[in-house]
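First the structure, in the form of structure tokens, and then the observations on it.
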2 protein chains.
Amino acid sequence: MAQLTQEQKHLIEKIGIYHEQQGLPPVVGRIMGLLYVSDRPHLSFEEIVDTLNISKSAASNALNLLLQMRLLEYTTYPGDRKRYFGALMDNWYEEVINKMESILGFSKLLRQANDLRGNSNPAMHEKVLERIEFMEFLSQEVPMLLEKWRQGRGQ
Amino acid sequence: MAQLTQEQKHLIEKIGIYHEQQGLPPVVGRIMGLLYVSDRPHLSFEEIVDTLNISKSAASNALNLLLQMRLLEYTTYPGDRKRYFGALMDNWYEEVINKMESILGFSKLLRQANDLRGNSNPAMHEKVLERIEFMEFLSQEVPMLLEKWRQGRGQ
DNA sequence: TCTTTGGTTCATAATTTTGAGAACTAAATT
DNA sequence: AATTTAGTTCTCAAAATTATGAACCAAAGA
């Protein structure tokens with residue numbers, strides 16, 4: 001992965017943009033792109049810095065963010081001080097669960113809104129309640145969906 | 001909705017922060033908060049500007065963004081030039097579908113990554129393929145979930 | 001026709017985000 | 001002990017985002 005082909009560079013940018021749309025900074029997205037596109041499943045800090053032409057500080061911060069977000073993991077080898085970073089590919093379960101928790105958190109806020117409003121506006125109350133119930137329905141059903149996927153795989 | 005209570009203000013900020021986390025600017029999130037918390041299902045441009053203490057330009061841009069994102073709708077009344085804005089509460093279907101399309105778009109990128117890599121790294125290939133298949137599974141199942149919700153409602 | 005209303009658009013200021021580069025540190029090597 | 005390695009942290013500049021206020025505009029009303 002010393003040099004990237006034009007095609008690889010292009011795909012890395014595309015994957016980068018997807019991650020930017022999810023709220024991550026460009027460099028962070030590019031690192032994800034590189035790790036998905038890379039021939040090898042793990043790259044060292046130095047390789048990432050060199051192939052993407054980014055500063056060590058940007059790489060350090062981005063990698064630590066991605067580790068903390070559990071989008072990346074790293075391996076080490078005995079007698080080698082380097083860390084070898086790779087995309088974490090089997091965390092789909094927690095990713096979806098996190099999203100659902102966030103949605104559930106919002107539905108709690110909407111419930112507070114409904115409580116605060118009291119019965120001053122029944123139509124509004126009804127509409128918001130429907131929203132809430134839809135979000136709760138999703139939060140209930142999606143874990144079952146994940147289970148279904150797990151079953152079909154033996155994971 | 002001339003004046004907001006402390007409790008309402010607080011809840012509006014909370015709902016605002018949720019929307020900020022979804023990638024929207026503060027004012028945009030607060031408008032969503034106001035419309036969810038409001039006693040009335042529709043507020044005029046002026047009311048939004050006055051109760052949130054924001055500039056007309058910020059309101060104009062935010063409202064047009066929210067309309068374009070289909071998080072808001074507005075009604076008009078004969079003999080009244082004003083528009084009355086309210087949170088769009090029945091667009092859960094398209095919201096979820098859009099999210100799924102975005103995920104499907106990403107899975108397409110990952111497929112390109114796998115193609116580009118060829119069989120230079122079978123283990124990587126396998127792991128990425130699993131990711132892809134999970135995303136495709138979701139995109140396939142979630143619309144059925146929505147249908148299930150629709151059924152249970154007669155919508 | 002003149003003014004008011006209901007916004008929109010523009011120029012700009014304030015804030016935040018992002019990333020570079022240099023200085024730094026701790027462990028390992030010479 | 002001195003140097004190299006593998007990063008981290010700090011300072012700062014550039015760029016992007018966000019929102020303000022003023023100017024503007026088109027439709028409606030006086």
Side-chain angles (χ1 to χ4, degrees), chain A residues 1-2 12-13 15-35 40 42-69 71-86, chain B residues 1-2 12-13 15-35 40 42-69 71-86:
Chain A
M1 186 58 52
I12 287 171
E13 290 307 305
I15 294 176
I17 286 170
Y18 173 79
H19 284 88
E20 280 185 59
Q21 286 165 350
Q22 312 300 308
L24 296 171
V27 165
V28 177
R30 281 186 197 118
I31 290 178
M32 290 309 294
L34 175 60
L35 292 175
R40 282 175 300 126
H42 289 91
L43 299 181
S44 73
F45 185 93
E46 202 187 4
E47 287 171 313
I48 292 168
V49 163
D50 291 349
T51 57
L52 290 180
N53 275 296
I54 60 178
S55 68
K56 289 205 294 173
S57 56
S60 177
N61 290 323
L63 288 169
N64 288 324
L65 173 67
L66 289 169
L67 286 171
Q68 190 214 301
M69 293 180 75
L71 293 180
L72 248 52
E73 35 94 52
Y74 66 87
T75 6
T76 52
Y77 298 98
D80 185 349
R81 254 206 298 163
K82 286 179 181 163
R83 287 141 88 200
Y84 294 87
F85 298 89
Chain B
M1 187 57 53
I12 288 170
E13 289 308 304
I15 295 176
I17 286 171
Y18 173 79
H19 283 89
E20 280 184 58
Q21 285 164 352
Q22 311 299 308
L24 296 172
V27 165
V28 177
R30 282 186 197 118
I31 290 178
M32 289 309 295
L34 174 60
L35 292 176
R40 282 175 300 124
H42 289 91
L43 299 181
S44 73
F45 185 93
E46 203 188 3
E47 287 172 312
I48 292 169
V49 163
D50 291 349
T51 58
L52 291 180
N53 275 298
I54 59 180
S55 67
K56 290 205 294 172
S57 54
S60 176
N61 290 324
L63 289 169
N64 287 325
L65 173 67
L66 289 169
L67 286 172
Q68 190 213 302
M69 294 179 74
L71 294 179
L72 248 53
E73 36 94 52
Y74 66 86
T75 6
T76 52
Y77 298 98
D80 185 350
R81 253 206 302 162
K82 285 181 182 164
R83 288 139 89 202
Y84 294 86
F85 298 90

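The chains referred to below are lettered A, B, ... by the order of the sequence lines, with proteins before strands, and numbering in each begins at 1.
Straight-line distance from the CZ atom of B/Phe85 to the C1' atom of C/dT8: 12 Å, rounded to whole Å. Across the protein-nucleic acid pair, A/Tyr77 atom OH and D/dA6 atom C1' stand 17 Å apart, rounded to whole Å. Atom CG in B/Asn53 sits roughly 10 Å away from atom P in D/dG21 (whole-Å rounding). When the C1' atom of C/dT16 is taken as reference, atom CD of B/Gln21 falls 17 Å away, rounded to whole Å. Rounded to an integer number of Å, the gap from CG of A/Asn64 to C1' of D/dA6 is 12 Å. Distance NE2 (A/His19) to C1' (C/dT18): 18 Å, rounded to an integer number of Å. Distance CD (B/Glu47) to P (C/dG6): 11 Å, rounded to an integer number of Å. What separates CD of A/Gln68 from P of D/dT8 is a distance of 13 Å, to the nearest Å.
Note that the OG atom of B/Ser44 and the OH atom of B/Tyr77 stand 11.0 Å from one another [nearest 0.5 Å]. Separation of atoms CG (A/Leu63) and CZ (A/Phe85) is listed at 4.5 Å; rounding is to 0.5 Å.
Look at B/Arg83 and you won't find any side-chain N or O under 4.0 angstrom from OP1 or OP2 of C/dT5.
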TODO: Using a 4.0 Å heavy-atom cut-off, write out nucleotides 24-30 of chain D from 5' to 3' as B (base contacted by protein), S (sugar-phosphate only) or - (no contact).
DONE: --BBS--
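For A/Arg83 against A/Leu67, the heavy-atom pair with the smallest separation is NH2-CD1, 3.7 Å.
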Collect all protein-nucleotide pairs involving nucleotides 14-19 of chain D in which both atoms are nitrogen or oxygen and the distance is under 3.5 Å.
from, atom 1, to, atom 2, distance (Å)
D/dA19, OP1, B/Val27, N, 2.9

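Listed candidates were D/dA6, D/dG7, C/dT9. Nearest to the side chain of B/Ser60 is C/dT9. When distances are taken from the side chain of B/Lys82 to each of C/dG7, C/dT8, D/dT8, the shortest belongs to C/dG7.
A/His42 and A/Glu47 share no donor-acceptor pair across their side chains, judged by distance under 3.5 Å alone.
For B/Phe45, there are no ring-ring contact (aromatic ring centres under 6.0 Å, His included) partners, not counting sequence neighbours. Scanning for salt bridge (Lys or Arg N to Asp or Glu O under 4.0 Å) contacts around B/Glu20 gives an empty result, with sequence neighbours left out. Under the side-chain contact (heavy atoms from CB on, under 4.5 Å) criterion, A/Asn53 pairs with no residue, sequence neighbours left out.
Contact check for A/His19 versus A/Leu66: no side-chain heavy atoms found under the 4.5 Å cut-off.
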Which atom pairs, one a donor and one an acceptor, fall under 3.5 Å between side chains of residues 21-35 of chain B and the rest of the protein, sequence neighbours left out?
from, atom 1, to, atom 2, distance (Å)
B/Arg30, NE, B/Glu13, OE1, 3.2
B/Arg30, NE, B/Glu13, OE2, 2.9

